[in-house]
Amino acid sequence: MEDYPRNLAELERRFATDEACRDYLMLLRWPNGFRCPRCGSDQFWPQRITLLQCVRCDYQSSVIAGTLLQDTHTPLTLWFGAIWYVTSQKNGASALGVQRILGLGSYRTAWAWLHKLRRAMVRPGRDRLQGRVEVEATFVGGEEDGVRGPRRGDKSLVVIAVEVEGKSIGRIRLRSIADASAASLHSFSADAVEPGSTLHTDGWPGYKGLEQKGYLCETSVIGKQPKDAVKLLPHVHLIVALLKRWLMGTHQGAVSRVY
């Protein structure tokens, strides 16, 4: 059974106190029981909610050391609520929403927490995608009145790779790129997708030459109608739609290329 609160009621029942949150963090840090990093003893005295002192050598260990919670003076229950709220919102979570839901006194605090959580959700050194992968680039950002053309003023170009598992979506990778040149698209493909995989792309010239880098390439030339792209590359366009919905929910359409 999945060890994750499915709704707010389950979250509040399971992590109603800081002690319950601490015990969960201890289980993550020491799945086989506490062990002192210095002497290996399994006996400790709780000093504070997050601080444990070894009975044998008096060494103090923190259950939040090396995490995004390190040095926090905020109750763990509030942090757990913020983590659950941010990761459970399909439409994205804004700093104002986090401040309102958690009752934080400062918008700046909510903004800083959101940035910490977003950085923590990106795992460095991730395995590359493999198998059949759809790749497409799209413009994202706020609409600008009176601005026309492929760049749409301050919009950003984001390239997306989606692992296809039958009719389902596997892992995904996204990157903001400067342009749709072969240099940008090839660099992203090399970082995101394992050679030997099949890359399914549209007919954009920037994808040409990926065969020489060890990829099997499949091209579906997109017509002028938007529905053609959705039909030919359905998985990546679902992620495009979710990305834009998330940006709207997070920034209310006021996001610029800076972010």
Side-chain angles (χ1 to χ4, degrees), residues 1-127 171-172 174 242 245-247 249-252 255 259:
M1 183 177 179
E2 190 178 69
D3 186 26
Y4 188 82
R6 292 170 295 179
N7 51 57
L8 184 60
E10 288 188 6
L11 174 77
E12 292 177 341
R13 281 197 300 269
R14 182 169 180 185
F15 299 112
T17 65
D18 280 353
E19 287 77 11
C21 297
R22 177 202 58 201
D23 292 344
Y24 180 74
L25 294 174
M26 286 184 62
L27 184 63
L28 295 179
R29 187 175 285 274
W30 298 291
N32 298 316
F34 172 80
R35 283 290 183 274
C36 175
R38 177 181 288 175
C39 70
S41 172
D42 61 354
Q43 301 296 314
F44 66 90
W45 299 105
Q47 293 299 306
R48 293 196 298 272
I49 288 295
T50 61
L51 196 63
L52 313 175
Q53 182 169 319
C54 176
V55 170
R56 181 187 297 171
C57 70
D58 293 333
Y59 183 81
Q60 293 185 333
S61 303
S62 171
V63 297
I64 59 175
T67 74
L68 60 86
L69 307 182
Q70 181 171 313
D71 300 325
T72 186
H73 299 290
T74 305
L76 295 180
T77 51
L78 207 57
W79 270 107
F80 273 49
I83 293 168
W84 183 87
Y85 175 75
V86 170
T87 57
S88 299
Q89 300 302 304
K90 289 186 178 181
N91 293 335
S94 66
L96 189 61
V98 171
Q99 181 188 12
R100 183 177 64 253
I101 291 293
L102 300 178
L104 299 176
S106 167
Y107 174 84
R108 183 177 294 275
T109 298
W111 185 89
W113 282 23
L114 268 181
H115 278 269
K116 273 191 171 185
L117 293 174
R118 288 169 185 157
R119 285 195 298 268
M121 287 190 285
V122 178
R123 180 170 60 86
R126 297 173 296 176
D127 296 335
R171 298 170 297 167
I172 65 172
L174 302 91
L242 291 173
R245 184 200 296 176
W246 180 85
L247 285 171
T250 304
H251 299 285
Q252 305 300 315
V255 61
Y259 297 103

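Remark: R126 CZ is packed, more than 12 non-hydrogen atoms of other residues, nucleotides or ligands lying under 6.0 Å away. Counting heavy-atom neighbours within 6.0 Å of W30 CH2, excluding the residue itself, gives a total above 12.
With W79 as the partner, the side-chain contact (heavy atoms from CB on, under 4.5 Å) test is satisfied by one option alone out of D18, L68, I64: L68.
Taking all atoms of both residues into account, the shortest heavy-atom contact from L96 to Y107 is N-CE1, 3.6 Å. Scanning both residues, L117 and A82, for their nearest heavy atoms gives CD1-O, 4.1 Å. Residue Y85 comes nearest to A93 through the heavy atom pair CE2-CB, 3.8 Å, listed as atom of the first residue, atom of the second, then distance. The minimum heavy-atom distance linking V63 with R22 is given by the pair CG2-CG, 4.2 Å.
Counting heavy atoms from C-beta on, the side chains of Y59 and P37 come closer than 4.5 Å. S61 has its side chain within reach of F34: a pair of non-hydrogen atoms, C-beta onward, lies under 4.5 Å apart. Contact of the W45 side chain with the V55 side chain is registered, since non-hydrogen atoms from C-beta on lie closer than 4.5 Å.
One distance of note links CG of L25 with OG1 of T50; it measures 9.0 Å at 0.5 Å rounding. With rounding to the nearest 0.5 angstrom, the CH2 atom of W113 is 5.0 Å from the CG atom of L104. One finds the CG atom of L114 at 7.5 Å from the OG atom of S94 (value rounded to the nearest 0.5 Å). To the nearest 0.5 angstrom, C36 atom SG is 10.5 Å from Q60 atom CD. Going from atom CG of D42 over to atom SG of C54 covers 9.0 Å, rounded to the nearest 0.5 Å. Distance check, rounded to the nearest 0.5 Å: CG of L78 to CD1 of I83 gives 10.5 Å.
Using bins of under 30°, 30° to 60° and over 60° for the plane-to-plane angle, the ring pair H115/W111 lands in the tilted bin. The aromatic rings of F80 and Y24 sit perpendicular to each other, their planes meeting at more than 60°, with 30° as the lower class boundary.
Using a distance-only test at 3.5 Å, with no hydrogens or angles considered, a donor-acceptor pair links the side chain of R29 to the main chain of A65. In terms of modelled atom types and a separation under 3.5 Å, the side chain of W84 and the main chain of P5 share a donor-acceptor contact. Side-chain N or O atoms of Q99 include none that pairs as donor or acceptor with a backbone N or O of A95 at under 3.5 Å.
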Steps toward side-chain contact (heavy atoms from CB on, under 4.5 Å) verdict (R118, V86): CA-CA 9 Å; R118 288 169 185 157; V86 170; 5.6 Å; no

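In this structure, the side chain to side chain donor-acceptor pair (under 3.5 Å) partners of R14, at least two apart in sequence or on a different chain, are D3.
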